[in-house]
Amino acid sequence: MTERLSPRPSLLRETRLWYGAAIVVLTWVGIMMILNFDIFAHSPRDSYTLQALAWREGKLSLGQDYPWLELAIYEGDYYVSFPSVPALVMWLLTFFFGENTPNTLVTGLYFLTAYFAGYALARRFRKSADAMFFALFLTLGCNMLQFSLTGDVWNQAQLMCFMLTTLCALGLTGETPLEWGLGLFCLALSVGCRPFQAAFVPPALWMLYKNISRAEPAPLGRTLARMLPHLAAPAIVALALGAYNYARFGNPLEFGHNYLPEFTRDPDQPQFGLQYVAGNIANLLRLPWFEENRLMFPMFNGFAFWMVNPIYVAAPVACVVKAVRRRWDATDTLLALAVILEIFLLLLHKTLGGWQFGARYLCDPIPMMLLLELRGRKTRARWETALGTFAIAFNIYGAIVFHLMDLL
């Protein structure tokens, strides 16, 4: 099935790329100004910078408690309880800024990079006007906008994952072996931000297989052998993450979350369980309400995911259209199954992300959902335009009002 436009080597010369980037930047800066947030501020809720400083001293633990952070307590010491890849960026920045890393600016740059990657991804399937629209839908049209406004540890991990997953989709839809390898490398790094991104390993490997077999048809064994060089860098990332986890907790799959006090305090309330699914679904279906002539939002554990992240409406509808038009293929099936698997795994978690606007856990699959929406269709429907416009307006409004609510 022919599904991509011809390669566009002059992508950076396209004015719509920069128009959209200007919209993202002006929106982000404008919200920061309205809320009186400092773009260059260091958020103290940043265990990644603390981890980076500990690394520079040759330590794996933080050596003391920081009560305002979610720290794992293991054998009487305190550890960062999040996957470690975002700390690599903070490590580099500590050489220039010390403990006052500009983590808020970093989350904003992750967000902007996701826009550029989203534009390049959409441009492989659509014309420039549509590419700009879908890149804005990807970024301003989900609650990652609200999360990009501060450099908290949770924000860094999720924004970096969002950016890397978009870059993964971009790489795997490229034309060259280098792009495919970089795409898989970005996916491996994204797992080091948000572990459930591993759900996209099967479709990523399938896409690599299809790319290699399309570029140079060969018997199955030879094609599989040609895949191996592309897997070297992701394998190194996986081994490094596993070794780091083992060095801290004696388990290559344990990054620390199981040792948070909230999970060790009560054995009957583990980190994951089927008993949480019904409550999480109920939270995700909650609606905002009007109070004193203002739309108010639940502030903990999510609400109305389909309003905050309307790609959860757009992608399924686009998939149905593709299936009806017989443009559905094995890649679509694997991507859809991976999205469903990740959502199910997220619903097993004890919470859905605590304090937040929207449903931030459900942002993790969005870049791959955009790929699903783009594949197999060459034009943007009017309903997509309407839905995307609503998504952008709602998230801009929500990002502002949510923080104003918190200040009251």
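Computed from a predicted model, the values in this text were never measured in an experiment. Computed from heavy atoms alone, side chains included, the values below leave out hydrogens, waters and symmetry copies.
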Query raised in the report: Hey, is E216 close enough to R222 for a salt bridge, meaning N to O under 4.0 Å?
Result: no

**Report entry** Side-chain touch F272/K350, heavy atoms, less than 4.5 angstrom
**Finding:** no

Report task. Taking R286 for its side chain and P298 for its backbone only, find out whether a donor-acceptor pair lies under 3.5 Å. Result -> no

Report summary line: Residues passing the side-chain hydrogen bond (donor to acceptor under 3.5 Å, both in side chains) test with E70, sequence neighbours excluded, are W154

Query raised in the report: Do Y246 and N251 have side-chain heavy atoms sitting under 4.5 Å apart?
Result: no

Query raised in the report: Are any side-chain N or O atoms of K322 and backbone N or O atoms of L372, one a donor and one an acceptor, separated by less than 3.5 Å?
Result: yes

Requested in this report: Decide if atom CD of Q275 counts as having more than 12 heavy atoms of other residues, nucleotides or ligands within a radius under 6.0 Å.
Outcome: yes

**Report entry** Pair listing, salt bridge (charged side-chain N to carboxylate O under 4.0 Å, His left out) test, anchored in residues 29-47, at least two apart
**Finding:** R45-D152

Query raised in the report: For T101 and T49, what are the C-alpha separation, side-chain angles and deciding distance, and is it a side chain to side chain donor-acceptor pair (under 3.5 Å)?
Result: CA-CA 7 Å; T101 54; T49 294; 2.7 Å; yes

**Report entry** Q356 side-chain N/O to L352 backbone N/O, donor-acceptor pair under 3.5 Å
**Finding:** yes

Query raised in the report: Is there side-chain contact between N395 and Q146, with heavy atoms separated by less than 4.5 Å?
Result: no

Query - Centroid-centroid distance, W289 to F303, less than 6.0 Å - result: no

Query raised in the report: Is there a donor-acceptor contact under 3.5 Å from the side chain of W355 to the main chain of N301?
Result: no

Requested in this report: Return the minimal non-hydrogen interatomic distance between G20 and Y115, and the atom names on each side.
Outcome: CA-OH, 3.1 Å

Requested in this report: Please lay out, stage by stage, how S84 and Y244 fare under the test side chain to side chain contact (heavy atoms under 4.5 Å, CB included).
Outcome: CA-CA 9 Å; S84 54; Y244 182 65; 3.6 Å; yes

**Report entry** ring pair (Phe, Tyr, Trp, His ring centres under 6.0 Å) against Y66, all qualifying residues, sequence neighbours excluded
**Finding:** W68

Query - Listed partners of E57 passing salt bridge (charged side-chain N to carboxylate O under 4.0 Å, His left out), at least two apart - result: K59

Requested in this report: Mind listing the closest non-hydrogen atom pair of I73 and P261 along with its distance?
Outcome: CD1-CG, 3.8 Å

Requested in this report: Compare every heavy atom of V191 with every heavy atom of A198, then report the nearest pair and how far apart it is.
Outcome: N-CG2, 3.6 Å

Query raised in the report: With sequence neighbours left out, which residue pairs that include part of residues 381-394 fulfil the salt bridge (charged side-chain N to carboxylate O under 4.0 Å, His left out) condition?
Result: R377-E384

**Report entry** Residues forming a side-chain hydrogen bond (donor to acceptor under 3.5 Å, both in side chains) with R56, sequence neighbours excluded
**Finding:** T94

Report task. Check whether any side-chain heavy atom of F196 lies under 4.5 Å from a side-chain heavy atom of C161, and answer yes or no. Result -> no

Requested in this report: Identify, with sequence neighbours excluded, every residue that meets salt bridge (charged side-chain N to carboxylate O under 4.0 Å, His left out) alongside R360.
Outcome: none

Requested in this report: Could you walk me through whether F297 and F357 pass ring-ring contact (aromatic ring centres under 6.0 Å, His included), step by step?
Outcome: CA-CA 7 Å; F297 309 103; F357 169 74; 5.0 Å; yes

Report summary line: Exactly one of N103, T104, N155 clears side-chain hydrogen bond (donor to acceptor under 3.5 Å, both in side chains) with T150, and that residue is N155

Requested in this report: Determine yes or no for a side-chain-to-main-chain donor-acceptor pair under 3.5 angstrom, with E342 supplying the side chain and V339 the backbone.
Outcome: no

Requested in this report: For the pair H349 and Y276, evaluate ring-ring contact (aromatic ring centres under 6.0 Å, His included) and give the outcome as yes or no after the intermediate values.
Outcome: CA-CA 7 Å; H349 197 259; Y276 304 132; 7.9 Å; no

Query raised in the report: Sub-3.5 Å donor-acceptor pair from the side chain of R16 to the main-chain atoms of A131, do we have one?
Result: no

Query - More than 12 heavy atoms of other groups within 6.0 Å of F344 CZ - result: no

Report task. Using the test side chain to side chain contact (heavy atoms under 4.5 Å, CB included), find all partners of L182 that sit at least two apart in sequence or belong to another chain. Result -> L178

Report task. Kindly write out the residues that satisfy salt bridge (charged side-chain N to carboxylate O under 4.0 Å, His left out) with D364, not counting sequence neighbours, or none if the list is empty. Result -> R194

Query raised in the report: Would H42 and F97 count as a close aromatic pair, with their ring centres under 6.0 Å?
Result: no

Query raised in the report: Which pair of non-hydrogen atoms, one from S148 and one from T107, has the smallest distance, and what is that distance?
Result: O-OG1, 3.1 Å

Query - Y259: ring pair (Phe, Tyr, Trp, His ring centres under 6.0 Å) partners, not counting sequence neighbours - result: Y74, F249

Query raised in the report: Do the non-hydrogen side-chain atoms of T173 and M207 ever get within less than 4.5 Å of each other?
Result: yes

**Report entry** Flag, side chain of N309 to backbone of I311, donor-acceptor distance under 3.5 Å
**Finding:** no

Report task. Identify whether the distance between the nearest side-chain nitrogen and carboxylate oxygen of D332 and R327 falls below 4.0 Å. Result -> no

Requested in this report: Please examine the side chains of P288 and M307, heavy atoms only from C-beta on, and report whether any two atoms are closer than 4.5 Å.
Outcome: yes

Query raised in the report: With a 4.5 Å heavy-atom cut-off, do F394 and V308 have their side chains touching?
Result: yes

Query raised in the report: Under 30°, 30 to 60°, or over 60°: which ring-plane class applies to F37 and H403, parallel, tilted or perpendicular?
Result: perpendicular

Query raised in the report: Taking atom types as modelled, is there a side-chain donor on Q271 or N258 under 3.5 Å from an acceptor on the other?
Result: yes

Query - Residue pair V85, L241: steps toward the side chain to side chain contact (heavy atoms under 4.5 Å, CB included) verdict - result: CA-CA 8 Å; V85 166; L241 291 171; 4.0 Å; yes

Query raised in the report: How are the rings of H230 and W180 set relative to one another: parallel (under 30°), tilted (30 to 60°) or perpendicular (over 60°)?
Result: tilted

Requested in this report: Using ring pair (Phe, Tyr, Trp, His ring centres under 6.0 Å) as the criterion, list what pairs up with Y119, not counting sequence neighbours.
Outcome: none

Report summary line: Nearest heavy-atom approach of P83 to C193 is CG-O, 3.7 Å

Query raised in the report: Would you call the rings of F95 and W91 parallel, tilted or perpendicular, where under 30° means parallel and over 60° means perpendicular?
Result: perpendicular

Query raised in the report: Can you check side chain to side chain contact (heavy atoms under 4.5 Å, CB included) on L121 and F134, steps first, answer last?
Result: CA-CA 9 Å; L121 174 65; F134 281 108; over 6 Å; no

Report task. With salt bridge (Lys or Arg N to Asp or Glu O under 4.0 Å) as the test, would you mind laying out the steps for R123 and D130 before giving the verdict? Result -> CA-CA 8 Å; R123 192 67 179 91; D130 284 355; over 6 Å; no

Query raised in the report: Looking at F133, does the NZ or CZ of R380 lie under 6.0 angstrom from its six-membered ring centre and within 45 degrees of the ring axis?
Result: yes

Report task. Check whether any side-chain heavy atom of C168 sits under 4.5 Å from a side-chain heavy atom of F200, and report yes or no. Result -> no

Report summary line: d(L26 CG, I31 CD1) to nearest 0.5 Å is 11.0 Å

Query raised in the report: How would you list, by chain and number, every residue that makes a side-chain hydrogen bond (donor to acceptor under 3.5 Å, both in side chains) with T165, sequence neighbours excluded?
Result: Q197

Query raised in the report: If every non-hydrogen atom of A169 is compared with every non-hydrogen atom of M368, which pair is closest and at what distance?
Result: CB-SD, 4.1 Å

